[in-house]
Amino acid sequence: MTLNSSDELETFKKSISTQGFNFIELVPDTKDPLWFKKACDSGIQCDVLLISGHFGGLFFGEGTSQTIGIAEMEQASCRNTCPGILQNPREVYLMGCNTLATQTKDHRTIDQYLNVLIEDGIPLDFAEQVAASRYTQQGFSLEKRFSAIFNNSKKLYGFSSTGPLGASAAPLLRRYLNDIGSYDSHLKYLSDAPNAALQREFKDTNYRETIPTKALDAGSRQLFCQLRSEDSKTQTQALRTIVSDKKVTGFFDSLASQVSQIKASLTDLLDPSTKNSLSQSLNKIAADNRNLITIQHEVLQVSSSLGLIDNTTKLRRVTQLLDQAYSQDLNYSKISQICGILKQEPDLQNLSLDKITTLSSVSPYFMLTLACYPTLNEDTKSFLFDKIMNPQQPYERTIALQVMKGHWSQQDMGWISGALGTRDQNLRMRLYLSARDLLKPYRASLLAGSNLAACILKSENEGAKELGTNWGCLTENQSDLTVDICDHFANLNDDPENADDMRWYCWSNNKTRLLNQRPECYALASTMGIRGNQMKQVWNCSHR
């Protein structure tokens with residue numbers, strides 16, 4: 001799996017291709033987001049697996065859009081849907097930073113590591129989960145997580161901290177492969193003994209090797225996988241075992257990742273002493289991670305799932321947690337983290353109009369969080385209506401129209417009727433794109449007066465049948481392409497790769513404007529359908 005540098009792969013090819021080995025690249029040249037599933041379904045049987053890429057909870061690259069997340073591999077391994085790639089290899093090379101890290105401290109603090117992940121475009125909520133796996137004392141370490149994935153392998157090779165780039169790792173691998181001679185014999189007689197030759201070549205790096213069955217015992221892997229089962233009874237039984245054996249701290253990350261799947265509360269099965277012990281463990285995790293908002297939220301979710309707190313108490317504490325987040329630097333990373341929490345709390349009430357107005361003045365990115373509420377109250381709609389009609393900055397109208405998408409109701413027709421009285425043909429067209437379900441009966445009159453509006457009408461009539469029309473609309477109206485307009489054409493495209501290419505086209509032809517209106521730049525990133533594209537666009541918005 002070449003996600004970034006191909007140096008390691010080319011080294012293996014040059015060194016052992018004459019020994020009868022076949023080399024199969026699992027990552028395609030396309031941006032197909034289903035590449036991993038397709039590789040798993042192909043029936044390929046790997047003797048050795050090499051994954052090369054930057055790693056931060058997922059493997060990714062600088063010049064590619066494909067990614068592969070550790071959680072995706074965990075699920076595939078536990079459900080045995082990818083046996084040839086995850087269960088068959090005798091050796092696995094994990095050529096990325098921290099791939100075999102324990103939870104021992106290294107030269108960086110947790111905050112420094114978080115900044116590295118965020119700089120790579122990784123969302124803050126996901127980054128905190130990865131950093132917790134690396135630096136805190138609850139849940140599985142990254143070493144144990146990869147051991148759970150590749151539990152049948154004899155050896156895993158990776159790094160306990162920062163690892164060398166491909167160009168630096170390649171000559172070390174070349175000398176190693178030259179030293180061992182017959183790679184077939186090496187695989188045949190692979191033992192539990194340390195790989196002295198590989199250790200010698202990588203001695204000046206943070207090289208680490210692991211025997212999966214020693215890093216993670218069979219019982220722990222079984223519980224780890226049972227929590228990821230599609231069968232609710234299996235999940236519940238695993239949960240009971242973890243609770244009764246007082247292993248909540250050790251399995252915290254697994255519990256947190258599966259909390260939405262665990263339907264059965266254990267309230268009636270827990271005696272007061274057990275409940276008290278669980279509460280103490282979870283409270284300690286929250287205290288140890290007081291600066292990690294996402295981890296604190298996960299504690300509340302697990303506590304609620306286990307019946308330790310009721311929903312009213314949980315929502316009150318989540319509100320307090322969000323207040324803590326709102327009081328911090330409301331940069332885009334923090335806003336995206338808040339969004340992640342809001343999307344998981346459908347019962348959470350909207351903010352008051354006063355608070356929305358205040359926070360909007362504090363951070364230009366705040367408005368993006370309004371898209372993360374499952375419903376919008378009248379105060380929120382009133383705020384957004386004002387931004388549509390009287391924006392102080394162009395991005396405010398764009399974001400307000402995007403937020404309102406899917407939230408328009410018949411009760412809003414009075415306001416819409418007044419807004420459509422404007423002579424601004426561009427606004428009329430964009431209102432239609434935002435409130436299509438309500439305004440379809442009037443689309444002929446609303447989509448008139450400009451080449452772009454006429455193009456939108458034609459594209460709607462043709463749908464996805466004529467992608468040439470949709471691309472033509474983009475290329476003929478480059479200067480008028482806002483995020484909502486680009487998203488309209490992209491959403492007519494059933495191919496996620498081609499749809500994102502449309503979004504990239506909008507970025508490449510409007511860089512200056514989008515960078516001058518950075519909230520809209522981040523809004524474009526949020527519309528990307530492929531995770532690697534989202535990360536790259538966030539990086540563009542943050543660093544260009």
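From a predicted model like this one, the values you see are computed outputs, not experimental measurements.
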Kindly indicate whether a cation-pi arrangement holds for Arg228 with Phe224, taking the cut-offs as under 6.0 Å to the six-membered ring centre and within 45° of the axis.
yes
For Tyr135, which of Asp111, Asp106, Thr109 qualifies under side chain to side chain donor-acceptor pair (under 3.5 Å)?
Asp106
For the side chain to side chain donor-acceptor pair (under 3.5 Å) test, which of Gln402, Arg503, Gln537 pairs with Thr527?
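Result for side chain to side chain donor-acceptor pair (under 3.5 Å) with Thr527: Arg503.
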For [X], does the [atom1] atom sit with more than 12 other heavy atoms under 6.0 Å from it, leaving out its own atoms?
X	atom1	result
Asp437	CG	no
Gln324	CD	yes
Lys144	NZ	no

With a 4.0 Å cut-off on N to O distance, would you call [X] and [Y] a salt bridge?
X	Y	result
Lys31	Glu497	no
Asp323	Lys355	yes
Asp487	Lys405	yes
Asp41	Lys38	no

Given 3.5 Å as the limit, does a donor-acceptor pair link the side chain of [X] with the main chain of [Y], or not?
X	Y	value
Gln534	Met528	yes
Arg90	Asn152	no
Ser382	Glu378	no
Ser305	Gln301	no
Ser147	Glu143	yes
Thr241	Gln237	yes
Ser160	Asn206	yes
Thr210	Leu156	no
Gln103	Gln138	yes
Arg544	Cys541	no

Minimal non-hydrogen separation, Ile293 against Leu321, with atom names:
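The pair with the smallest heavy-atom distance is O-CD2, 3.6 Å.
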For residues [X] and [Y], is any side-chain donor paired with an opposing acceptor at under 3.5 Å?
X	Y	answer
Thr294	Gln337	yes
Asn377	Thr380	yes
Thr398	Asp484	no
Thr313	Asp310	yes
Gln280	Asn283	no

Measure the shortest side-chain to side-chain distance between [X] and [Y] over non-hydrogen atoms and say whether it is less than 4.5 angstrom.
X	Y	value
Cys486	Met502	no
Arg531	Leu58	yes
Leu308	Ser279	yes
Asn289	Glu128	no
Val403	Tyr373	no

Identify which one of Thr136, Val302, Ile295 satisfies the side-chain contact (heavy atoms from CB on, under 4.5 Å) criterion when paired with Ile285.
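Checked Thr136, Val302, Ile295 against Ile285; only one passes side-chain contact (heavy atoms from CB on, under 4.5 Å): Ile295.
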Per the side-chain contact (heavy atoms from CB on, under 4.5 Å) rule, which among Gln320, Glu345, Arg317 passes with Leu300?
Arg317
Pick out which of Phe146, Phe159, Tyr113 makes a ring-ring contact (aromatic ring centres under 6.0 Å, His included) with Phe55.
Phe146
Nearest 0.5 Å, please: how far is [atom2] in [Y] from [atom1] in [X]?
X	Y	atom1	atom2	answer
Arg397	Leu384	CZ	CG	13.0 Å
Asp217	Asn151	CG	CG	12.0 Å
Leu124	Ser333	CG	OG	6.0 Å
Ile341	Leu348	CD1	CG	9.5 Å

Looking at the rings of Phe36 and Phe59, which for Trp means the six-membered one, are their centres under 6.0 Å apart?
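Ring-ring flag for Phe36/Phe59: false, centres at least 6.0 Å apart.
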Between Phe140 and Phe251, does the ring centre distance come in under 6.0 Å?
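They qualify: ring centres under 6.0 Å apart.
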Parallel, tilted or perpendicular: rings of Tyr522 and Tyr365 (30°, 60°):
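The arrangement is perpendicular - the two ring planes meet at more than 60°.
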For the residue pair Phe385 and Trp408, does the interplanar ring angle fall in the parallel (under 30°), tilted (30 to 60°) or perpendicular (over 60°) class?
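Parallel.
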Under the side-chain hydrogen bond (donor to acceptor under 3.5 Å, both in side chains) test, residues paired with Trp35 that sit two or more places apart
none
